[in-house]
Amino acid sequence: MSTTSNASTSIRVQQWQEFWFYFSASKTAVAGLIFLILVILMALFADVISPHGPAEQYREFAKLPPAWVEGGQLQFFLGTDYAGRDMLSRIIHGSRLSLLAGCVVVVLSMSIGVLLGLIAGYRGGWVETLIMRVMDTIMAVPGLLLALVLVAILGPGLLNAMVAIAITYTPSFVRLTRASTLSELNRDYVTASKVAGAGPARLMFISILPNCMAPIIVQGTLSFSTAILDTAALGFLGMGAQAPIPEWGTLIAENRDLIMSAPWTVTFPGIAILLAVLAINLVGDGLRDALDPKLKRS
Amino acid sequence: MSKQLIKARGLHKHYSISEGFLQSSKNLKALSGVGFDLYEGQTLAVVGESGCGKSTLARLLTTIEEPTSGQLSIDGIDMGSVQSKAITKQLRQTVQMVFQDPFGSLNPRQKVGDILQEPLLINTSLSATERKQKALEMMSLVGLRDEHFHRYPHMFSGGQRQRIAIARALILKPKVVVLDEPVSALDVSIQAQVINLLVDLQKELGLAYVFISHDLSIVRHIADEVLVMYLGKPVEQGPGDVIFNDPKHPYTQALLSATPSTNIKNKRQRIKLTGELPSPIDPPNGCAFNPRCQHANKSCTISEPVMDTFGKSQVACFALDEGRI
């Protein structure tokens, strides 16, 4: 008995080694992953590593430039905003909210979108027509505008902003999944599973879905980064995270009056958004290459 | 007399095709009036051009689709009368299928072991170890090694993939295997290996094959019975040697004359068919073969010929009925 369990664990290890082998073939993906891990660690240990509290105000040090600029102080490394709050600490704490927003939006929109897309593609008929026309209706309204309307109905706040953005992202997942499902549905291996007696659930989730995952994963990572962007945009417009919360978009919004006099207060949150989005996109590309067995060179 | 496994009488399958919004749908007669008997250990070859309904027949036999009309009984049970799920499940295990393209018929995301175990997982209540044991047994039966168990299909050649597909079809211990052009996607050298494997398995396990093909040299090699189809209708049916040595229907004659032969003395006059295969949505009046037939006359364009017995085979042809050929 122990030999079989050893065999299965060694297979699992082997699978991971194989995955890592293909993933690490892309240096940019590894760089993106390392940066993403740093951001995640930063978000997890924000309280430990940030030099000051995110809301702590040092009135006497308001609008202080970054440490390497003349007049800057080392204890406020990236400078301070209009109220004398440490920018570095606020950005570090902001990473929590941005990552959370990305995760929640992607998990919500992807799970709903993939499920609806699979059902639409597999069932066809009026079910498909109903689902797809509803999705067309959602897509007919510009995404950010729809999110704004939804937040206006639900009330401003980070959670409502995430739900609203998730709703605007769902149609792209539905369309993508339905298209892949339709192209896979008539393949012989699906018929083979049918001949073997597989039911609809098994056909949808075990035969078809894994073969549709590559474009969905890419769409998911792209959505993760655009979700961070859109949450920031809603925050910037005052409809997302509310003012004292150090969300990256809100940070830019509350300091936008200072863009001429204290540009660092807007620049550094912007750079944080840029780097996080870039890293996630790089990881997404690497994941796609590593997860698709057809792309493997063996 | 060996046991009768499939009895088909007058099978029809029609699909309705809508040509777009606001247009009335048309009827595509993929299969009309196919009937045959299949006995244990026997091979029935279904022959014809592409689009003649061979694959539709396969879908009916594997119970993926139901016939529009006609009687189909599998292993003595009439499919039309089956209500309970248990019997459907049992019938499903009786008829299994091997597909034409081994690159499309294996799920690229599943390992060989999982592909082979899937039918067992769905249809039996065996434990994981028993399933694995059975899958490994089946792999050695079709000439795959144990270490192939954890590999993905893309790591195999076409011939090996077709062996995996055969193993998957056989793992439920079926009595009938529908082979839908099982070797046409393979290299000629591999074709022989796979055909020999199929012949060996048939002897060993007493399987009955429905062998769908357009390659007549292979059909000649393995078929006991031959069914020649044209545009969804059977045109000639009979024992393999009779059909190959004495083809009666003009279409069968044309098909056979197109097969290359290595024997120069046996060289036949090549009968060239002109024109395209007509569309099954809009078939010609009368005998479906009349626009391309050199023996056609007026009676062929008026009504459809029915199968009549000539010697050991059955042929549907007016020219033959009237003694014109």
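Any value given below was found using the heavy atoms of this structure, including those in side chains, with hydrogens, waters and symmetry copies removed. Quantities reported herein were computed from a predicted structural model and do not represent experimental measurements.
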Using heavy-atom distances under 4.5 Å, tell me whether Ile64(B) contacts chain A through its side chain, its backbone, both, or neither.
side chain
Could you go through Ser225(A) and Asn281(A), starting from their C-alpha distance and side-chain angles, then the distance that decides it, and tell me whether this counts as side-chain hydrogen bond (donor to acceptor under 3.5 Å, both in side chains)?
CA-CA 7 Å; Ser225(A) 50; Asn281(A) 283 346; 3.0 Å; yes
Pair Asp136(A) + Arg175(A): basic N to acidic O under 4.0 Å
yes
If you count heavy-atom pairs within less than 4.5 Å of chain A, which of Gln96(B), Met97(B), Gln93(B), Gln100(B) leads?
Gln96(B)
Going by salt bridge (charged side-chain N to carboxylate O under 4.0 Å, His left out), name the residues that satisfy it together with Arg163(B), two or more places apart in sequence or in a different chain.
none
Tell me, out of Ala198(A), Ser193(A), Gly197(A), Ser207(A), who's got the most heavy-atom pairs with chain B below 4.5 Å.
Gly197(A)
What part of Ile208(A) gets within 4.5 angstrom of chain B, counting heavy atoms only: side chain, backbone, both, or neither?
neither
Contact winner vs chain A - Asn107(B), Asn123(B), Asp180(B), Leu172(B), heavy-atom pairs under 4.5 Å:
Asn107(B)
For the pair Ser183(A) (side chain) and Ser180(A) (backbone), establish whether a donor and an acceptor sit closer than 3.5 Å, ignoring hydrogens and angles.
yes
Which pair of non-hydrogen atoms, one from Gln117(B) and one from Ala135(B), has the smallest distance, and what is that distance?
CG-CB, 4.1 Å
At a 4.5 Å cut-off on heavy atoms, which part of Leu121(B) comes close to chain A: side chain, backbone, both, or neither?
side chain
